[in-house]
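The model shown is predicted, which means the values in this text are computed figures rather than measured ones. Both backbone and side-chain heavy atoms feed into the values below; hydrogens, waters and symmetry mates do not. Chain A is the first sequence line, chain B the second, and so forth, proteins listed ahead of strands; every chain is numbered from 1.
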There are 2 protein chains.
Amino acid sequence: MEQNRRPSAAPLSGLERSTLRELLIHGPKSRAEIARELGMSRASLTRVTRTLIEQGLIADGPLELRGATGRPSEVLRIRPEGRRFLGVKLTSDRLFAVVTDLAAQAQAAYDEPLVSQSVEDAVAQIGGVYERLAAEHPGIEAVGIGLAGDVVSKGGQQILLESPFLGWREVPLAELVSERVGLPATAENDTRALTAAEHWFGVGAGYESMVLITVGTGVGVGIVVDGKVVTGANGKAGNLEHLPVEPTGPRCDRGHRGCLVAYLANAAIVGALRTPGLDYASVLQLARNGDPAARQAFRDAGHALGVLAATLANTMDPEKIVITGDGIAVTELAREELDAAIAANRHPDGAPIALDIQPFEFDEWARAGAVLAIRDFLRF
Amino acid sequence: MEQNRRPSAAPLSGLERSTLRELLIHGPKSRAEIARELGMSRASLTRVTRTLIEQGLIADGPLELRGATGRPSEVLRIRPEGRRFLGVKLTSDRLFAVVTDLAAQAQAAYDEPLVSQSVEDAVAQIGGVYERLAAEHPGIEAVGIGLAGDVVSKGGQQILLESPFLGWREVPLAELVSERVGLPATAENDTRALTAAEHWFGVGAGYESMVLITVGTGVGVGIVVDGKVVTGANGKAGNLEHLPVEPTGPRCDRGHRGCLVAYLANAAIVGALRTPGLDYASVLQLARNGDPAARQAFRDAGHALGVLAATLANTMDPEKIVITGDGIAVTELAREELDAAIAANRHPDGAPIALDIQPFEFDEWARAGAVLAIRDFLRF
DNA sequence: TCGAGTTTGTCAACTAATGAAACGAAGTTG
DNA sequence: CAACTTCGTTTCATTAGTTGACAAACTCGA
């Protein structure tokens with residue numbers, strides 16, 4: 001294989017980034033097609049693609065696709081190996097990392113316990129993990145970090161306003177990591193990172209708007225409007241954990257009656273059985289074996305999820321709604337209740353919801369961090 | 001006064017529009033300030049402002065404001081009279097029109113019954129109203145139309161997908177009107193038009209995100225993210241009329257139990273009294289006079305409004321929430337219930353909501369239409 | 001009062017991005 | 001094989017924007 005060109009520090013121009021995005025999201029295309037898509041002249045695309053090829057980011061496909069008539073077009077495609085990115089996911093006690101290529105394909109994964117919950121230690125630890133992984137996978141271009149917490153960008157700087165799990169407040173995490181590793185770095189809320197990943201590299205690819213719902217320890221919502229992930233003024237968009245579902249229902253840990261998490265979070269499903277010593281996996285097994293109480297807990301959760309999905313569809317009218325997370329089994333065990341709740345709560349004039357249920361592995365979180373870095377690399 | 005320059009057909013360049021927007025939304029500013037705000041060089045602003053002054057769109061303020069030291073700056077301000085716009089609001093039986101200047105100040109208002117509900121007649125009637133008003137107010141630059149219905153833009157064209165009140169479907173209303181009057185025309189959902197108006201010329205001025213709630217015949221929600229009004233994939237964003245509030249409550253006309261409109265719409269407040277022959281004005285009077293049933297109806301409505309506001313705040317995390325519409329009295333008669341419902345339904349970690357209650361006159365609707373035209377003129 | 005300092009607005013020269021037009025390339029079709 | 005179509009490239013012009021120098025118009029302090 002041809003040797004990778006030195007990733008010249010030359011930052012990409014606007015059109016170069018758009019072209020790369022187009023190829024990344026919509027797959028191989030000819031210059032003329034991209035030109036039409038982006039509303040640019042073919043001349044510009046000739047120029048732009050030349051520099052992208054020189055930088056080793058795309059390849060001039062030897063394959064030629066058929067148009068009905070006229071000269072056949074040369075199909076351009078991404079060279080995913082042209083760049084590498086480091087994705088990190090922080091939990092309260094562990095650090096997960098993954099190295100991906102430009103197409104967000106994982107090339108290596110690694111995780112270790114957090115040595116402490118202090119910001120300095122975490123930054124140093126990320127630096128260490130970077131060096132360890134960079135030794136085997138040279139050419140990492142940027143770093144993206146996902147974690148539970150509210151991140152906003154003010155004045156061109158990303159600030160982690162608050163992370164309840166880690167106890168951090170007002171931390172310029174991205175900048176600290178960037179200084180430590182000497183590369184561009186981004187930090188974002190983990191749900192929004194996952195939304196970005198699903199939006200570019202998952203079932204949301206190509207849509208201008210979508211909503212992602214994660215079900216698991218908690219319930220998270222990510223919103224994409226106009227091709228961008230919505231952050232909110234305080235980094236708190238999509239905070240629907242306490243959406244009222246049934247005013248007579250069980251209490252959540254914040255004292256609300258019958259709110260969304262009180263039905264839908266994994267712990268809530270376990271708690272509904274009122275049997276000490278159970279965990280989520282065993283309740284899931286019980287439900288699959290037909291245990292009535294367990295099945296009912298999942299049914300209630302499915303109903304709550306449907307209320308959430310319908311409310312979001314009514315609010316945003318997205319092109320697509322994606323459900324994922326490690327509590328995804330609810331969609332399989334309570335599909336009827338889910339659909340019924342959607343039908344009951346969807347605005348009567350609303351179009352049918354394009355619902356997509358995505359299987360989920362835990363390393364998606366770290367991969368989503370890498371997607372942050374990729375999006376940043378392409379300034380989006 | 002200096003004579004108006006001929007509105008040269010020369011379309012404004014990007015920076016010209018940005019500059020105009022900046023002055024329009026944030027008020028008078030110096031060239032240097034605008035340059036810093038937009039991240040441009042002062043030289044560019046010299047060039048741009050010259051052409052804007054030549055076009056009669058802004059004026060080089062004779063007044064000079066103080067900076068601490070250095071050469072004083074010349075403050076630029078919009079010349080609102082530099083351009084005129086026609087705003088139209090269509091209801092099922094009437095046409096409301098208003099001529100505004102560039103700052104969305106109404107200069108003339110006019111309304112007449114719709115001659116029929118056919119598209120052709122309505123377009124012809126808008127054309128007639130335009131000619132009538134243009135005779136007295138020459139120099140109208142563009143037309144904006146607000147109406148109840150779902151409008152999406154596909155392929156650079158705005159299509160009215162559906163308007164239940166008028167029975168229209170798949171109508172390229174903007175294009176038809178544009179052909180008829182020979183000017184650029186825009187059509188949009190009336191609530192979104194009002195949101196745009198409030199966002200640029202009302203209490204939302206200067207914010208990147210906001211939510212507007214209209215209370216009246218129906219309940220409408222407009223969402224602004226990233227400075228733009230959210231349309232949704234099918235023009236149905238903000239369709240929260242049937243948000244569940246109390247599962248045991250009264251039925252709405254679509255059969256939902258205890259949903260938002262069943263409490264909050266004017267007709268629902270009237271209906272709650274179960275007394276034939278009443279209208280909204282008389283129920284309002286009763287409530288103001290202390291009638292218990294009327295007060296309770298408003299209290300319930302206030303609660304429902306609070307649930308809506310809290311849900312929207314949780315979903316979007318906007319900088320501001322604005323409530324307006326002809327049913328605005330509920331905020332005054334049930335402020336306690338409103339605030340209590342917000343507190344109860346707001347996410348526990350959410351920041352306090354910046355709530356703004358705006359008085360409302362019916363001709364706001366037509367003015368909002370003109371704002372559509374202004375935004376279109378400034379390509380936003 | 002006057003010179004030093006500061007910020008504004010302007011001008012001229014330069015740069016980078018893009019489009020228009022013309023053209024050769026590479027196929028299909030009759 | 002000639003006519004036609006579409007693609008990719010080249011050349012040249014245009015244009016939006018920057019940089020840097022400079023005069024203008026003020027404040028401040030000696």
Under 3.5 Å donor-acceptor, [X] side chain and [Y] backbone:
| X | Y | answer |
| --- | --- | --- |
| A/Glu319 | A/Glu208 | yes |
| B/Asp101 | B/Ala104 | yes |
| A/Arg17 | A/Phe377 | no |
| A/His199 | A/Val229 | no |
| B/Arg50 | B/Leu45 | no |

Just how far, in rounded Å, is P of D/dC7 from CE of A/Met40?
-> 18 Å
Could you state the atom-to-atom distance from NZ of A/Lys29 to C1' of D/dC7 in whole Å?
->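 One finds 16 Å between C1' of D/dC7 and NZ of A/Lys29, rounded.
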Those residues that, when tested against B/Lys320, pass salt bridge (charged side-chain N to carboxylate O under 4.0 Å, His left out) (two or more places apart) | B/Asp356
Are side-chain heavy atoms of B/Leu76 and B/Lys29 found at a separation under 4.5 Å?
-> no
Looking at side-chain heavy atoms only, is the closest gap between B/Arg84 and B/Thr100 below 4.5 Å?
->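 The answer is no; the side chains never approach within 4.5 Å.
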State whether B/Ser44 places a side-chain N or O below 4.0 Å from either non-bridging phosphate oxygen (OP1 or OP2) of D/dG17.
-> no
The contact string for nucleotides 3-10 of chain C, one letter per nucleotide 5' to 3', using protein heavy atoms under 4.0 Å with B, S and - for base, sugar-phosphate only and none, comes out as --BBBBBB
In degrees, rounded to 10°, what is the bend between the two ends of the helix from C/dT1-D/dA30 to C/dG30-D/dC1, using five pairs at each?
-> 10°
